[in-house]
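Proteins get letters first, then strands, A, B, ... in listed order; numbering begins at 1 in each. In this text the structure is predicted, and so the values were computed from the model without any measurement.
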Protein chains: 2
Amino acid sequence: MSTSLHHRAIENLGTRIITGELPTGHIMLAEHLEEELKVSRSVVREAVRVLQSLGLVETTKRVGIRVLPPSRWNPFDPQVIRWRLSSDARGAQLRSLIELRSAVEPAAAELAANNAPAQLRRELVDIAHALRDAGHNGDAQKFLELDIAFHSVLLSGSGNEMFANLMGQVAETLTGRTVHGLMPDHPHEGALQWHVDLAEAVAAGDAAAARDASEQIMRRTTSRLSDTWTDQPRVFIPVRRN
Amino acid sequence: MSTSLHHRAIENLGTRIITGELPTGHIMLAEHLEEELKVSRSVVREAVRVLQSLGLVETTKRVGIRVLPPSRWNPFDPQVIRWRLSSDARGAQLRSLIELRSAVEPAAAELAANNAPAQLRRELVDIAHALRDAGHNGDAQKFLELDIAFHSVLLSGSGNEMFANLMGQVAETLTGRTVHGLMPDHPHEGALQWHVDLAEAVAAGDAAAARDASEQIMRRTTSRLSDTWTDQPRVFIPVRRN
DNA sequence: TGACACCGATGTGTGCAGACATCAAAACTC
DNA sequence: GAGTTTTGATGTCTGCACACATCGGTGTCA
């Protein structure tokens, strides 16, 4: 009972829309939602307003609340990502996130090597060494924590708030990976060293080396996970013209 | 008066928070907002709920509605981006977007060369040629439209919905560029050719060439705009740990 | 006397119920 | 078919009850 009714209503409708249980074009009435969710009008209205701002629904007078097509959803919203990760589209969502990370992290590494404050560089090196140790010792729990911390600090160090914000979603991905049993028992030895190389390149201000190391890491991560989405068809969202 | 009260309330509070007129930690009371905005409680409550989902405010019982620090804002939300683009932080926002584009578009070009459907490839080539013609003829209006269309189609062709979604924000950036008088009278001749090269590489399925051409374009775009944000300090968002 | 734990008063968001206003789709009239 | 009326859903407003975090007073104990 700790979560608010408002929050639960958003969660309920959001997941049902994203799983496709409430398909594109499906029309709901606020009044109907009241009795279905057993909540009052204000709760329904506030939830619908939030879903509207996420691009999941639109409201039209005399019609009702219409579910919008996936192309209108805001794919960068943390909630939308979380809902997709726990739906049938998990593979497609993971692929999107990995492709985004593969594009962004090398750029972030370059920026961090050029701009990050000294303390952050030191922290990155420390984490990389601890990460290598945890990997050698087979401490899976600690390894995961340090892995998330490493990439978070790296993205923060880019000084680009959009990059930095991705860390939350990266964390979801990584934790989700373990949850779904996609983590290896023993981390790859080369990957551990690449993390150290990356940290030291950033510390030394060597942007090119930092990018190289990051690209190595992302290539390996991609190849390790790519078989989870081979069955997922790519969706080509039509260009919206006014 | 066409926009709803709800929407106007969001716009009012959102802009004032992002410009810093309502600083981090500032506390408002719902009751006070009612009389200030001259709207009823329901409007205020729905607006606050949306701002909450954007990470701009949080509500606490017995305290009120507290403005959150910029590190909590969702930097990928289109509304937040728009507000930041029309605030003092416009330079920083532009830099973030360009860095993101620079990271994403070459990756999108690669993906498009590997995966895009045939019709999309043809369309891209047609647009590139039309873009070159418009550039030669000095037709600024048409050039802008085609430029937006080109990058939109390219990002859509990646088959990654997150990449595809960036086109909206790219469009904002590009149109904002002309609005702020940052467009050259005559587009760079090399850039026009690079667009054609990129389109033809995608059409031919040559991922490496597509990436190269895209990187060229982004390098030029970055260097052309970088003097608009030289005075903007980089902000290093602290890593949020639970 | 002073420090500390307890507890009730207070204020604020949360949730509820009902009413009227508004406006666009649908039905109707000509 | 064009213009008009009707209808039905969201939009907006208001009063009320409740939950609960914070604050300040009270009592207890050292």
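The backbone N or O of B:Gln93 lies less than 3.5 Å from no partner atom in the side chain of B:Trp229, so there is not a single donor-acceptor pair. Side chain of A:Thr15 to main chain of A:Trp83: no donor-acceptor pair is present (N/O by atom type, distance under 3.5 Å, no hydrogens or angles).
Within residues 22-42 of chain A, the residues that place at least one heavy atom under 4.0 Å from DNA chain C are, in residue-number order, A:Val39, A:Ser40, A:Arg41, A:Ser42. Residues from residues 43-67 of chain B lying near DNA chain D, meaning a heavy-atom separation below 4.0 Å, are B:Val43, B:Lys61, B:Arg62 in numerical order.
Screening A:Met28, A:Lys38, A:Arg41 against A:Leu33 for a side chain to side chain contact (heavy atoms under 4.5 Å, CB included) leaves a single residue, A:Met28.
Contact detail for B:Ala30 and B:Ile65: the closest heavy-atom pair is N-CD1, 3.8 Å. A:Leu124 and A:Ala199 make their closest contact through O-CB, 3.6 Å (heavy atoms, listed as atom of the first residue, atom of the second, distance). The two residues A:Leu155 and A:Ala108 have their closest heavy-atom pair at CD2-CB, 3.8 Å.
Partners of A:Phe236 according to the ring pair (Phe, Tyr, Trp, His ring centres under 6.0 Å) rule, which considers only residues two or more places apart in sequence or in another chain, do not exist here. Under the ring pair (Phe, Tyr, Trp, His ring centres under 6.0 Å) criterion, A:Phe150 pairs with A:His195, not counting sequence neighbours. B:Arg121 meets the salt bridge (Lys or Arg N to Asp or Glu O under 4.0 Å) test with no other residue; sequence neighbours excluded.
Nucleotide D:dG11 holds its P atom 12 Å from the CD1 atom of B:Ile10, rounded to whole Å.
In summary, the side chains of A:Asn12 and A:Arg8 do not present any donor paired with an acceptor at a separation below 3.5 Å, with no hydrogens or angles considered.
Axis angle, first five pairs versus last five pairs of the helix from C:dT1-D:dA30 to C:dC30-D:dG1: 0°, rounded to 10°.
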